[in-house]
Amino acid sequence: ISITLTLVTAFVILTAFLWLLIPQVISSSKDLIENYDEYVESTVDLINSTISKLGADGNFKEYISAEDIRERVVDFFTSSSQLMSSVLNYVSDFAMGLFVGIKNTVIGIFIAIYVLISKERLQALARKLGTAFLSEKKMAIVEKYMSITHSTFTGFFVGKIIDSAIILLLTFVLLLIFGINYPLLIAMIVGITNI
């Protein structure tokens, strides 16, 4: 029952994360596409104002326009055969990595279930092997270090999850205070990747 509850809880948390993240990503992408021209114009203004501030006499003309940026982006994506081969290589590497990651996750879940179900039997077997091959004193040392290792890893993982939750919350609050777009999306990405 505890193993089933653990797996169901992990699945619910992952589903909730994706349920929050995917609509935010779709909304952010739509907003980026809809406001593309506005973002390009503001970028051009920023570049031109920075260039003019750097000039000694302040008589700098407009160095770049929104049309220049659009033309360069289109040229970059249409004329570069090397870009296409790089993109295809990246996509194939990503697909292969995704497949390997899914395979490893499924195998890891089955191994975790097996180890959790058989942990008492495996622990007893390890103790029998230890007492068969080690003296009582050495066995006590091994058990002591195994206990230290267990408590250290447990403390590390719990501390890391608490740390990431705090980072997520702080990021979300600061983004809200400063009025940055997509605070939940950015905070969730920062919190999850912090783990």
Side-chain angles (χ1 to χ4, degrees), residues 1-43 46-47 69 73 76-77 80 83-119 122-123 145-195:
I1 291 172
S2 64
I3 294 169
T4 304
L5 286 174
T6 302
L7 291 173
V8 167
T9 303
F11 178 75
V12 166
I13 290 171
L14 180 64
T15 304
F17 171 70
L18 293 175
W19 182 73
L20 288 171
L21 185 66
I22 290 173
Q24 285 279 337
V25 169
I26 292 170
S27 170
S28 303
S29 302
K30 283 181 182 175
D31 185 51
L32 182 65
I33 291 167
E34 289 170 1
N35 298 320
Y36 172 75
D37 291 334
E38 184 183 327
Y39 292 148
V40 169
E41 291 290 339
S42 62
T43 304
L46 176 67
I47 291 170
I69 290 180
V73 168
F76 179 74
F77 282 108
S80 177
L83 172 71
M84 287 308 292
S85 65
S86 298
V87 167
L88 288 175
N89 286 338
Y90 175 78
V91 168
S92 65
D93 290 345
F94 178 78
M96 195 59 164
L98 184 65
F99 173 74
V100 169
I102 291 171
K103 178 195 71 145
N104 289 342
T105 301
V106 170
I107 290 172
I109 289 171
F110 282 114
I111 290 173
I113 291 170
Y114 172 74
V115 169
L116 288 171
I117 288 173
S118 309
K119 73 176 182 175
L122 292 172
Q123 188 176 15
Y145 283 110
M146 291 300 287
S147 175
I148 291 170
T149 303
H150 173 72
S151 61
T152 302
F153 273 105
T154 301
F156 171 76
F157 286 121
V158 169
K160 195 64 183 163
I161 289 171
I162 291 170
D163 171 60
S164 296
I166 291 169
I167 294 292
L168 187 149
L169 186 63
L170 285 174
T171 304
F172 181 68
V173 169
L174 286 173
L175 291 175
L176 281 178
I177 289 170
F178 288 108
I180 305 293
N181 291 339
Y182 324 116
L184 181 62
L185 173 67
I186 296 170
M188 296 217 34
I189 290 171
V190 168
I192 297 299
T193 54
N194 188 60
I195 296 175

Point-to-point distance, once rounded to the nearest 0.5 Å, from [atom1] of [X] to [atom2] of [Y]:
{"X": "N194", "Y": "I166", "atom1": "CG", "atom2": "CD1", "value": "10.5 Å"}
{"X": "F172", "Y": "L168", "atom1": "CZ", "atom2": "CG", "value": "9.0 Å"}
{"X": "L184", "Y": "T171", "atom1": "CG", "atom2": "OG1", "value": "11.5 Å"}
{"X": "M188", "Y": "I192", "atom1": "CE", "atom2": "CD1", "value": "5.5 Å"}
{"X": "E34", "Y": "D31", "atom1": "CD", "atom2": "CG", "value": "6.5 Å"}
{"X": "I113", "Y": "T4", "atom1": "CD1", "atom2": "OG1", "value": "8.0 Å"}

Minimum heavy-atom separation for [X] and [Y], please, with both atom names.
{"X": "V190", "Y": "T193", "value": "O-OG1, 3.2 Å"}
{"X": "I148", "Y": "S151", "value": "O-OG, 3.0 Å"}
{"X": "I195", "Y": "S164", "value": "CG1-OG, 3.2 Å"}
{"X": "P183", "Y": "L176", "value": "CG-CD2, 3.8 Å"}

*Check whether any side-chain heavy atom of L116 lies under 4.5 Å from a side-chain heavy atom of T6, and answer yes or no.*
no
*Taking the side chain as C-beta and beyond, is there a heavy-atom pair between Y114 and I111 under 4.5 Å?*
no
*If you count the non-hydrogen atoms of other residues, nucleotides and ligands that lie under 6.0 Å from NZ in K160, is the total more than 12?*
yes
*Do any N or O atoms from the side chain of D163 and from the backbone of G159 form a donor-acceptor pair under 3.5 angstrom?*
no
